[in-house]
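To keep things clear, I will list the structure first and then write my remarks on it.
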Amino acid sequence: MDYQSTRNPSLRATSAQAVLDGLAPDGGLYSMPSMRDVSFDWRSVLDMDTQGMATEILTALLPSFTKDEMRALVKNAYTGKFETEDLTPTVSVGDDTVLELFRGPTSAFKDVALSMLPQLMTAAREKCGVDDEILILTATSGDTGKAAMEGFCDVPGTKIIVFYPDGGVSAVQKAQMATQAGGNTCVCAVRGNFDDAQTGVKNVFAAVTEGKLLDGKGVRLSSANSINIGRLAPQVVYYFRAYANLVHEGKIKAGDQVDYCVPTGNFGDILAGWFAKEMGLPVGKLVCASNANNVLTDFLKTGRYDKNRPFYKTVSPSMDILVSSNLERLLYLMSGDAALVKRLMDELKETGVYQIPDELLQKLHADFWQGYCDDTGTKNAIGMVYREYGYLCDTHTAVAWDVAQQYKAANPDHNPVVILSTASPYKFPAAVLEGIGHSARGDEFDVMERLRNETLIPIPKNLAGLREREVRHRDVIDREKMLDYVLGKASQKEWF
Ligand SMILES: *Cc1c(COP(=O)(O)O)cnc(C)c1O
């Protein structure tokens, strides 16, 4: 099975090339031609451990790799890196099941995919006969950058530069990045907001490609954000993990349907759930939970995507996003119509709006439900879950928890619900402390301590010692200087 652009079926690539390149040359995303091309026996993985499941699922989705190759990559990616052997444990909270995706090296769910991506990328580089060093460029609003650096840290043949908005990330997030170890990692603040950093990165890619600025230099650029199929595929695994756990605990029988509620930003996480469903896992509804930036709630209701609206900075910042890139893959796979997708994406670029055909909207409604929760609702949910069940959740998880209750109230015939938990509460300590009814003024690290003293829930190791760790990255630049900065770094053999 080859991959193809979501906007043009004749632009094809092997799955290894798709991982290496990230984006198709016409700006489309790489996708399998149809989910029917993925053959998979979902029952066969239910009794496996998580690494075994990952091996089977990733080989089915990325057939450039043999099962033996994949097994070794999975082992390298995950062994000893997460708090628990099963990587993504489930816990019962009231009537619901919470799937904890934040037990990895940086306490955010992005660790699941970003631990695996460097393995896939270096193996793909070998398979495609590329000798160039891979230089990853990433713009981050906080979580992705740290998780990506942790994943790529000291992986041979790769280097990574992370740009974040100066003054635009939390103190904890900044400290996580500025203290990053590794001889191949680089962090740089950009004077501007996240969009400036993101646009800057896109401009660097365009300038380097057009001007062939790195040709013959032994370096090529790539990206670690969730448009890369190599970041999406590893996320499919935990939908199976959660389902298998419910079967083993006797909460369901194999074959019963389960609903999943997913706190959503770029639509990568929830799309992985739809992949799981298409691969045969008995998924009922996928519930898309948004914060006040509820562009997806409106879209899934009406079929009209409209990004021309105010942008809110919320207490769940990883979901503050108005253009959800991975939706493009869903539209393509559901319609099978690349010409339609190209037209819609052109309209989005030109006018900020598109409307999908009714027939496609009906298909969306069969698989998805939607809702949103603002900051007040988010903090109320944190307090409510903590008081009722003694469970402390982060702001993103709280959004999903609230929307899951909306979903159950509106759909009395719902299935057992799994709520995806995407970050440790200690990554957003101020909003969480306020949620459980305390003032959170002052230094963010003190707030973290107070949250611990209040709840007695341990602070994850990677966050606990942060204040004392050595700062290794101090660069701050104007956004106009990003290209020079990247070219300078690319010509430097040793960074440390
Ligand atoms: C990235 C992120 C999300 C959103 O995931 P998408 O795949 O972009 O939809 C939700 N919660 C947290 C904590 C995140 O870091």
Side-chain angles (χ1 to χ4, degrees), residues 29 88 98-115 117 138-148 150-151 164 169-170 172-173 176-177 194 198 223-236 238-239 260-276 286-297 299-300 314-330 368 370 372-373 378 381-382 393-403 419-429 431-432 460 463:
L29 308 193
T88 54
V98 172
L99 171 58
E100 295 188 335
L101 304 177
F102 58 82
R103 300 290 181 187
T106 78
S107 305
F109 100 97
K110 290 180 173 70
D111 286 329
V112 178
L114 284 166
S115 299
L117 181 65
T138 301
T140 185
S141 58
D143 282 349
T144 302
K146 176 63 187 180
E150 202 57 47
Y164 71 90
V169 300
S170 76
V172 171
Q173 288 174 320
Q176 274 190 304
M177 290 192 276
F194 171 64
Q198 170 138 299
S223 142
N225 68 32
S226 69
I227 52 179
N228 192 319
I229 189 71
R231 243 194 83 176
L232 206 55
Q235 301 183 0
V236 177
Y238 47 72
Y239 286 88
Y260 291 84
C261 183
V262 188
T264 298
N266 223 0
F267 212 77
D269 202 2
I270 195 166
L271 182 65
W274 188 78
F275 279 14
L286 291 157
V287 179
C288 176
S290 299
N291 62 25
N293 295 295
N294 57 0
V295 59
L296 286 168
T297 316
F299 169 69
L300 289 169
T314 73
V315 295
S316 45
S318 301
M319 292 152 66
D320 290 347
I321 187 160
L322 292 179
V323 178
S324 294
S325 312
N326 272 297
L327 195 54
E328 179 170 348
R329 277 202 178 93
L330 181 70
F368 292 89
Q370 67 288 316
Y372 75 97
C373 168
T378 303
I382 289 169
C393 64
D394 100 292
T395 48
H396 304 75
T397 310
V399 166
W401 192 85
D402 182 84
V403 171
I419 295 164
L420 277 64
S421 175
T422 48
S424 159
Y426 286 106
K427 279 207 93 165
F428 306 94
V432 173
L463 299 177

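Read the numbers this way: they start at 1 and go in the same order the structure lists the ligands and their atoms. Worth knowing before you read on, the calculation uses all heavy atoms, side chains too, and leaves out hydrogens, waters and symmetry mates. Counting begins at 1 with the first residue of the sequence.
- A heavy-atom distance below 4.5 Å is found between the side chains of Leu322 and Asn293.
- Looking at atom 7 (O) of ligand 1, its nearest protein heavy atom turns out to be Asp269 N, 2.9 Å.
- Heavy-atom distances between Ala108 and ligand 1 stay at or above 4.0 Å for every pair.
- Of all protein heavy atoms, the one lying nearest to atom 6 (P) of ligand 1 is Asn266 N, 3.5 Å.
- Protein heavy atom nearest atom 9 (O) of ligand 1, with residue, atom name and distance: Gly265 N, 2.7 Å.
- Of the possible polar contacts, none joining the Asn266 side chain to the Gly268 backbone as a donor-acceptor pair under 3.5 Å is found.
- Near Ala423, with a cut-off below 4.0 Å to any heavy atom, the atoms of ligand 1 are 13 (C).
- Of the heavy atoms in Asp143, only side-chain atoms (C-beta onward) come closer than 4.0 Å to ligand 1.
- Tyr260 places a side-chain N or O within 3.5 Å of a backbone atom of Tyr239 that can act as its donor or acceptor partner.
- Listed for the Lys110 side chain is no donor-acceptor partner under 3.5 Å among the backbone atoms of Ala147.
- Summarising the local packing, CZ of Phe194 is surrounded by more than 12 heavy atoms from other residues, nucleotides or ligands at distances under 6.0 Å.
- Closest to atom 12 (C) of ligand 1 among all protein heavy atoms lies Thr422 OG1, 3.4 Å.
- In summary, the atoms of ligand 1 found under 4.0 Å from a heavy atom of Ser318, numbered by their order in the structure, are 2 (C), 12 (C), 14 (C), 15 (O).
- Checked by distance only, ligand 1 and Gly268 come closer than 3.5 Å through their nitrogen or oxygen atoms.
- No side-chain donor-acceptor contact under 3.5 Å links Ser316 to the backbone of Thr314.
- Relative ring orientation between Tyr238 and Phe109 is described as perpendicular, the plane-to-plane angle rising above 60° on a 0-90° scale split at 30° and 60°.
- Residue Thr264 approaches ligand 1 through these ligand atoms, each under 4.0 Å from one of its heavy atoms: 9 (O).
- Remark: ligand 1 atoms within the under-4.0 Å shell around heavy atoms of Pro263 are 4 (C), 10 (C).
- Between the side chain of Arg231 and the main chain of Leu117, no donor-acceptor pair closer than 3.5 Å is present.
- Proximity of a side-chain donor or acceptor of Thr395 to a complementary backbone N or O of Val315 within less than 3.5 Å is detected.
- Heavy-atom contacts of Lys110 reach the following atoms of ligand 1: 1 (C), 2 (C), 3 (C), 14 (C), 15 (O) (cutoff under 4.0 Å).
- Listed by atom number, the atoms of ligand 1 under 4.0 Å from Phe109 heavy atoms are 1 (C), 2 (C), 3 (C), 5 (O), 7 (O), 14 (C).
- A donor-acceptor contact shorter than 3.5 Å is absent between the side chain of Ser115 and the backbone of Gly151.
- Note: no N/O pair closer than 3.5 Å links His396 and ligand 1 by distance alone.
- With a heavy-atom cut-off of 4.0 Å, Phe267 touches ligand 1 through its backbone alone.
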